[in-house]
Student: 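Just passing along the structure, written as structure tokens.
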There are 2 protein chains.
Amino acid sequence: MTPSKTHANPLFLRDEELRQAMELLFYAYRDFTAEPDAMLAKYGFGRAHHRVIYFVGRNPGITVSRLLAILKITKQSLSRVLGRLLREDFIVQRTDRVDRRRRLLFLTAKGEELERLLTDRQAKRIARAYRQAGAEAVEGFRTVLRGIINEDDRSRLAARPERR
Amino acid sequence: MTPSKTHANPLFLRDEELRQAMELLFYAYRDFTAEPDAMLAKYGFGRAHHRVIYFVGRNPGITVSRLLAILKITKQSLSRVLGRLLREDFIVQRTDRVDRRRRLLFLTAKGEELERLLTDRQAKRIARAYRQAGAEAVEGFRTVLRGIINEDDRSRLAARPERR
DNA sequence: AAATTAAGTCAGCTTTATTGACATAATTGA
DNA sequence: TCAATTATGTCAATAAAGCTGACTTAATTT
């Protein structure tokens, strides 16, 4: 299947190592999103709806512009997805008391239910991988992923979870 | 930003830990793909073209059906992307001598050049993260990601690179 | 000879994203 | 106070990337 497994090139291991990392990321993300995608299809939703539901659930009262910065998509792209989630009562918005230009977003009970449904499957997948890999590997996983993420967004993610 | 940091729920840390993992994956994949996406746009290509170029480059002589199994998309979706890469001479196909139903796919010089251009940026991002994190963290990263990937596709990815 | 496999193609559809322009309301700064 | 900026929302037009289902051709396998 994979050709040229010769060690003629002294950089082989390094290149091979990096390519494996890229493939691990690709396969992991592919499988990580496949289950929720299939469930969302039953609602006529796509992955974008999931992302919005997830981040609103995670950050109740988040603003539209904050959401845009997280998702890194355009306002128009978000607008269609968010608009539908609002119309179909998965999300509600409330005007911010302090800055009345802002619309704060919250999940409804219905939205929370769907969020749980989708996230639970993914959480189980992660939990299984974490359990199998052990605490040390988990720290490594987190450290490397944080290194892959652009500097400016790393702050949002704690270096290590508080010990329990 | 993030609300309800109370420890009322005894499962809080576990849930928090899993959500952080999901977010790490999301942000890492988002930033990992953003650079190539921007470069591809100059060619009028999208991420799908990159994936095809990458996997053909990685597995010269790969068949169409093998590619479909890796990407987990439909033949029609691949067809549009692959067709264009063939027409624009980034990829060539050669009929397999043994089984003449099969079309083996290869990058052209032009295809290889684009592949390198795209992959180099991503490789640098990974290399930087690997360097900063250290060998032990890298092993953990690999172990956890492998655990996230569906059983049936794990075989394609070696557990340890140096054991080749 | 029949069944299966590999590849390709047709038509029609949806989701998710893009750009650019513009509108409204509210807040901030000179 | 008035101008500039910010937050949100909306218009129209476009493209990428995926989907289903049906069908064909050629080659191989049973």
Side-chain angles (χ1 to χ4, degrees), chain A residues 26 29-30 33-34 36-56 61-88 91-106, chain B residues 26 29-30 33-34 36-56 61-88 91-106:
Chain A
F26 168 73
Y29 200 77
R30 182 198 65 177
T33 51
D37 281 1
M39 300 168 83
L40 287 154
K42 289 172 192 165
Y43 292 75
F45 289 155
R47 197 177 296 177
H49 299 90
H50 185 191
R51 291 199 284 249
V52 172
I53 285 176
Y54 177 86
F55 283 107
V56 171
I62 193 174
T63 63
V64 170
S65 55
R66 191 79 197 75
L67 207 45
L68 286 173
I70 288 177
L71 302 176
K72 288 198 183 162
I73 58 174
T74 60
K75 211 183 349 174
Q76 292 70 10
S77 299
L78 176 59
S79 141
R80 214 175 328 93
V81 171
L82 181 57
R84 206 179 138 198
L85 291 171
L86 289 167
R87 275 195 307 281
E88 298 182 19
I91 288 179
V92 281
Q93 36 184 210
R94 237 184 44 211
T95 300
D96 184 14
R97 297 270 166 99
V98 183
D99 183 342
R100 296 211 314 281
R101 291 172 303 181
R102 288 196 167 115
R103 303 298 139 79
L104 309 185
L105 303 173
F106 300 88
Chain B
F26 168 73
Y29 199 77
R30 181 198 65 178
T33 51
D37 281 1
M39 301 168 83
L40 286 155
K42 288 170 192 163
Y43 292 75
F45 289 154
R47 196 178 298 176
H49 298 91
H50 185 192
R51 290 200 285 249
V52 171
I53 286 176
Y54 177 85
F55 282 107
V56 170
I62 193 174
T63 62
V64 171
S65 54
R66 191 80 197 76
L67 205 46
L68 287 174
I70 288 177
L71 302 176
K72 286 198 183 163
I73 58 173
T74 60
K75 214 185 340 178
Q76 291 72 11
S77 300
L78 176 59
S79 144
R80 214 176 324 95
V81 173
L82 181 57
R84 206 178 138 198
L85 292 171
L86 288 166
R87 275 194 307 280
E88 299 181 18
I91 287 178
V92 280
Q93 39 184 207
R94 238 184 43 211
T95 299
D96 184 13
R97 297 268 166 103
V98 183
D99 184 340
R100 297 210 312 282
R101 291 173 303 182
R102 289 195 165 113
R103 305 298 141 78
L104 308 185
L105 304 173
F106 301 88

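Labels below follow one simple rule: chain letters A, B, ... track the order of the sequence lines, proteins then strands, and each chain is numbered from 1.
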Student: Choose from D:dT20, D:dA27, C:dT9 the nucleotide whose nearest atom is closest to any side-chain atom of B:Ser79.
Tutor: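 For the B:Ser79 side chain, the nearest candidate turns out to be C:dT9.
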Student: With respect to the side chain of A:Ile73, which nucleotide from C:dA17, D:dT28, D:dA16 is positioned closest?
Tutor: C:dA17
Student: Using a 4.0 Å heavy-atom cut-off, does B:Ser65 contact any base of the nucleic acid, only the sugar-phosphate backbone, or nothing at all?
Tutor: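 If one applies the 4.0 Å heavy-atom cut-off, B:Ser65 turns out to touch the sugar-phosphate alone, with no base involved.
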Student: Would you mind telling me which of D:dG9, D:dA17, C:dT18 lies closest to the side-chain atoms of B:Arg51?
Tutor: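 So the nucleotide nearest the side chain must be D:dA17.
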Student: May I ask you to verify whether the side chain of B:Gln76 and the base of D:dG21 hold a donor-acceptor pair under 3.5 Å?
Tutor: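 Donor-acceptor pair under 3.5 Å: yes.
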Student: D:dC19, D:dA7, C:dT4: which one has an atom nearest the side-chain heavy atoms of A:Arg101?
Tutor: D:dA7
Student: Give the nucleotide from the list D:dG18, C:dG8, C:dT16 with an atom nearest to the side chain of A:Ala48.
Tutor: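 So the nucleotide nearest the side chain must be C:dT16.
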Student: Given D:dT8, C:dA17, D:dA17, identify the nucleotide with an atom nearest to the side chain of A:Arg80.
Tutor: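 Shortest atom-to-atom distance from the side chain points to C:dA17.
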Student: Do B:Ile62 and B:Ile70 come close enough that some side-chain heavy atom pair is under 4.5 Å?
Tutor: yes
Student: Would you indicate what B:Val52 reaches in the nucleic acid, counting non-hydrogen atoms under 4.0 angstrom: base, sugar-phosphate, or nothing?
Tutor: nothing
Student: As a test of reading the structure: which of C:dT27, C:dA17, D:dC19 is closest to the side chain of A:Arg100, going by heavy atoms?
Tutor: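 Looking only at side-chain atoms, A:Arg100 lies closest to C:dT27.
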Student: Report the nucleotide, chosen from C:dT16, D:dC19, D:dT8, that has the shortest atom-to-atom distance to any side-chain atom of A:Arg47.
Tutor: C:dT16
Student: Please work out if B:Gly83 contacts a base, only the sugar-phosphate, or nothing of the nucleic acid, heavy-atom cut-off 4.0 Å.
Tutor: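 Nothing, no nucleic acid heavy atom in range.
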